[in-house]
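Predicted model, so just to flag it, every value in this text is computed and none were measured.
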Amino acid sequence: MDAKNRFETKTTFACTRIEWLAFLVVSLVLAFLHLADIRWGVFLALFAVIDVIGYIPGAIAYRRSPDGRIARGYYVAYNVMHSLVTAGVLAGAWVLFAGPEWALLALPIHLLGDRALFGNSFKPFGVAFEPEIHPAYGAFERQYLAAAADSSRHREEGAHAVRA
C-alpha cells in the first residue's frame with residue numbers, strides 16, 4: 001500500500017495485523033505484570049466506553065435499517081472512539097486529572113485487539129457498517145489478482161527465455 005494505491009493485499013494486511021498483535025502482546029504483558037495494581041472497575045469502564053459510544057449505537061441502527069444504510073454520524077462516532085489519537089487524549093486527560101494508573105492499558109488493549117484479532121480499523125462512509133465485501137472492491141480484487149497472476153506468468157516466461 002502507498003499514497004497512490006490505498007488498498008492492501010491479504011499478505012500486507014496480515015503483516016499489518018501482526019504488527020498490531022505485537023503491540024497488543026506488549027500491552028497484555030504489562031497488564032499481567034501489574035494485575036494487582038489495576039483498578040478493574042476503571043479498566044472495564046475504559047474498555048467498554050469505546051464500544052458503548054462508538055460501536056453499539058451504529059450496530060443497532062444498522063440492524064434496524066431495512067437497507068443497511070445508516071447516518072454518517074454513526075461512522076464518525078465509531079472512527080473517533082476507535083482512534084489511537086482519541087485514546088491518547090483520553091489517557092492524557094485521565095493522567096492530568098486522576099493520575100497515571102495501569103487501568104489505562106484497557107484503551108490500547110481494546111483498540112489493538114480490534115485491529116490485530118478482528119482486522120477492524122476505521123470505517124469509510126461508503127461501506128456497510130458491519131463487515132461485508134463491497135461489490136466494487138470484490139471486482140477490483142478479482143482484477144488485481146488476475147493481473148498479478150498474468151504478470152507473474154510473463155516474468156516466468158522471460159526467465160525461461162534467458163536460460164534458453
Side-chain angles (χ1 to χ4, degrees), residues 1-3 5-32 34-35 37-142 144:
M1 174 169 51
D2 59 40
N5 300 286
R6 296 183 314 256
F7 67 93
E8 294 182 290
T9 64
K10 288 180 181 183
T11 302
T12 57
F13 186 59
C15 290
T16 300
R17 288 179 70 182
I18 289 169
E19 285 189 341
W20 292 121
L21 181 62
F23 287 108
L24 174 61
V25 168
V26 169
S27 298
L28 289 169
V29 166
L30 286 170
F32 181 77
H34 297 280
L35 282 175
D37 301 320
I38 293 175
R39 290 193 304 154
W40 289 101
V42 173
F43 183 97
L44 291 174
L46 289 170
F47 191 91
V49 73
I50 294 168
D51 283 342
V52 167
I53 295 172
Y55 172 69
I56 293 172
I60 291 169
Y62 179 79
R63 283 170 180 75
R64 288 185 176 172
S65 171
D67 62 0
R69 292 174 22 177
I70 62 174
R72 287 181 169 214
Y74 292 113
Y75 288 83
V76 172
Y78 181 92
N79 292 339
V80 167
M81 292 308 296
H82 285 82
S83 167
L84 292 167
V85 172
T86 301
V89 169
L90 180 58
W94 190 280
V95 169
L96 283 174
F97 296 109
E101 63 177 292
W102 291 107
L104 290 169
L105 284 170
L107 299 169
I109 288 172
H110 183 129
L111 297 176
L112 296 170
D114 277 356
R115 286 165 169 75
L117 304 176
F118 303 114
N120 294 333
S121 188
F122 299 117
K123 293 185 181 293
F125 295 135
V127 301
F129 192 80
E130 294 291 357
E132 63 182 54
I133 296 175
H134 190 283
Y137 184 78
F140 162 77
E141 190 173 42
R142 286 188 297 278
Y144 176 80

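For the pair A103 and L46, the tightest heavy-atom approach, listed with the atom from each and the gap, is O-CD1, 3.8 Å. Minimum heavy-atom separation, N5 to D2: N-OD1, 2.7 Å. The shortest heavy-atom contact between I53 and A77 is O-CB, 3.9 Å. H134 approaches G126 most closely through the heavy-atom pair CD2-O, 3.3 Å. When all heavy atoms are compared, the tightest approach of H110 to D51 is CE1-OD2, 3.1 Å.
Rounding to the nearest 0.5 Å gives a distance of 9.0 Å between CH2 of W20 and CG of L111. Rounding to the nearest 0.5 Å places CH2 of W102 at 5.5 Å from CG of L30. The distance from atom CG of L28 to atom CD1 of I109, rounded to the nearest 0.5 Å, is 4.5 Å. The distance from the CZ atom of F47 to the CG atom of L104 is 14.0 Å, given to the nearest 0.5 Å.
The backbone N or O of N79 sits nowhere less than 3.5 Å from a side-chain atom of S83 that would complete a donor-acceptor pair. Side chain of H82 to backbone of Y78: a donor-acceptor contact under 3.5 angstrom is found. The closest donor-acceptor contact from the side chain of S27 to the backbone of F23 lies under 3.5 Å.
Every residue meeting the side chain to side chain donor-acceptor pair (under 3.5 Å) condition with E132, not counting sequence neighbours, appears here in chain and number order: Y62. Residues forming a side chain to side chain donor-acceptor pair (under 3.5 Å) with Y74 (at least two apart in sequence, or on another chain): none. In this structure F32 satisfies the side chain to side chain contact (heavy atoms under 4.5 Å, CB included) test together with L35, sequence neighbours excluded. Contacts of Y75 classified as ring pair (Phe, Tyr, Trp, His ring centres under 6.0 Å), with partners at least two apart in sequence or in another chain: F125, F129.
Listed by first and then second residue, the salt bridge (charged side-chain N to carboxylate O under 4.0 Å, His left out) pairs involving residues 57-68 are R63-E130, D67-R69 (not counting sequence neighbours).
The neighbour count for Y144 OH, taken as heavy atoms of other residues, nucleotides or ligands under 6.0 Å away, does not exceed 12.
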When the side chains of residues 84-96 are checked against the rest of the protein, which donor-acceptor pairs come out under 3.5 Å, sequence neighbours left out?
from: T86; atom 1: OG1; to: V80; atom 2: O; distance (Å): 2.6
from: W94; atom 1: NE1; to: E101; atom 2: OE2; distance (Å): 2.8

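Counting only heavy atoms from C-beta outward, the side chains of L112 and V26 never approach each other to under 4.5 Å.
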